[in-house]
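Keep in mind the model is a prediction, meaning the values are calculated, not measured. In what follows, every heavy atom counts, from backbone to side chain, and hydrogens, waters and symmetry copies are set aside. Note that ligands are numbered from 1 as they come in the structure, with each ligand's atoms numbered from 1 the same way.
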Amino acid sequence: MAKADFNVQGGRIFYKGELIEAGIAVQDGKIIKVAKSASLPTAGETVNAKGLVILPGVIDVHVHVRDMSQKTKEDWTTASHAAAAGGITTILAMPNTSPPITTARALKQYKTIARKKSVVDYGVFIGATETNTRELTTSESCGIKLAMGSTTGNLLVEKTEKMRSILETSVKAGKTVVVHAEDEEMIKKRFLALKKRGREPPPKIHSVIRDPEAARIAVSRAIRLSKQTNAKIHIAHVSTRGELIEIVNAKKDGLLVSCEVTPHHLFLSEKDYDAKSHKLKVNPPLRSRSDVSAAWGALLEGIIDCVATDHAPHVLEDKEQDYWSSPSGLPGLETMLPLMLDSVNKSMLSLAHVADLVCTNPAKIFRLKNKGKIMEGFDADLTFVDLKREWKIRGDEFKTRCGWTPFEGRIVSGKPVKTMIRGAIVFEDGDVVGGRGREVQFK
Ligand code: NCD
Ligand code: ZN
């Protein structure tokens, strides 16, 4: 029988859609066998997973890593450490960096930084502008990011004609387009009217300026363009009932549309705005309880394909400015999996469904090779969780450089305790212990 480098034993593993008691044999960073202990190959070492549940490595398809001129907020070291601590083994990084990633050259340079610093595996999106269509054909990206509404950074595509040509290009390049769908014209109109009044508005105004209709209209336009061009689109951070209705209909029509929801749109609502602080300002904004329950309903019905963090590390000092200057975005790498596990413990959804949402489906949508499943031939990316561990979320214990969390003080059950990437333990007992991230490959 073949010999393994090591066997993972004693835990319950998520295999072919269910939790089973079995071991995993690993050689050269790959899973070579999944079997009951007695049938595993002999191995030099054993990784003891007694009492733990082992999921396929979690994949977060929406991460703002920053770095370059924004290292004070986050860089590839701190973001990837935060990911590993959150049980995440692969991140797909967004291009609204400073400077932005809008050329094949900038993309390569950014990946060089990732290669040097990241402890988790990674891919990087290229950002679409109204003038860089030719750059989007590069094979070096994990996809194309298209912002229909202005947000942090300066990537924005307002003209429908430009959007159409970007989608056409994506088809030729064989890339998925991730769409930030909020209608710029509606947002801008309201923003300027409010600014004219001159008064400092309360934090909750953000949910009025960028209202559900602005999101629905943009999603509807994106879907229409996808239908016309046959482009594969992925709607980022869906947060409203209206968007979900558009997406359900598109899926029924057989269009190439997938979508994600963020933990903050599942676990926070407008009710959480603090009267004074702009901490919770995020794009798209927090929504009504009714929209939150629509998101949960769609998640449970399988309309939502994945959960992604939209980890946007802004330091509190920046967040504490007035409404006009406070940047939008919330950190989330270290809280996504714990919040989802807590929901499993509260019987809100099954663990198998969580694995689909954060492991299997992300790999499928972005065609990541050998990722997203515990299966022979796949990378030995494993997220070990203590499903019953109760703990209190505290931002000052996190590895993200921004040092805070919108879920401060929440008590949750379920904690990632060990993270393995291609056979190497990267995070264990609260510390990052090694790891060398590698760029993802595509199927
Ligand atoms: C993101 C950021 O800060 O980079 N902010 C946010 O509110 N989500 C940008 C984005 O994804 O819109
Ligand atoms: Zn984002």
Given D60, T335, I91, the one that forms side chain to side chain contact (heavy atoms under 4.5 Å, CB included) with T309: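 Option passing the side chain to side chain contact (heavy atoms under 4.5 Å, CB included) with T309: D60.
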
Candidates I223, L146, L256 - the one meeting side chain to side chain contact (heavy atoms under 4.5 Å, CB included) with I233: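 It is I223, the one option of I223, L146, L256 that forms the side chain to side chain contact (heavy atoms under 4.5 Å, CB included) with I233.
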
Value rounded to 0.5 Å, distance of CD1 in I187 from CD1 in I209: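 So the gap between those two atoms works out to 9.5 Å.
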
Mind counting the protein N, O or S atoms sitting less than 2.8 Å from the Zn ion (ligand 2)?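 Atoms of protein N, O or S type lying less than 2.8 Å from the Zn ion (ligand 2) total 3.
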
Just to be sure I understand the cut-off, which residues have at least one non-hydrogen atom under 4.0 angstrom from an atom of ligand 1?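 Only H62, H64, R66, N96, T151, T152, H180, V282, N283, D310, A312, H314, S328, G329 have heavy atoms that fall under 4.0 Å of ligand 1, ordered by chain and number.
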
Distance-only, no hydrogens or angles: does the S293 side chain make a donor-acceptor pair with backbone N or O of S290 under 3.5 Å?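 Yes, S293 side chain to S290 backbone: donor-acceptor pair under 3.5 Å.
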
Taking the side chain from T103 and the backbone from A106, do they hold a donor-acceptor pair closer than 3.5 Å?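 Indeed, once roles are kept as given, a pair shorter than 3.5 Å links the two residues.
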
Please give me the minimum heavy-atom distance between E334 and K399, naming the atom from each residue.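 Smallest heavy-atom distance, with atoms named: OE2-N, 2.5 Å.
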
Listed partners of S325 passing side chain to side chain donor-acceptor pair (under 3.5 Å), at least two apart: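 Scan of S325 (side chain to side chain donor-acceptor pair (under 3.5 Å), adjacent residues dropped) gives D322.
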
Lys NZ or Arg CZ of K371 over F366 ring: under 6.0 Å, within 45°: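 That pair does not qualify as a cation-pi contact.
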
For W391, ring pair (Phe, Tyr, Trp, His ring centres under 6.0 Å) partners two or more places apart: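 Checked W391 against ring pair (Phe, Tyr, Trp, His ring centres under 6.0 Å); zero matches.
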
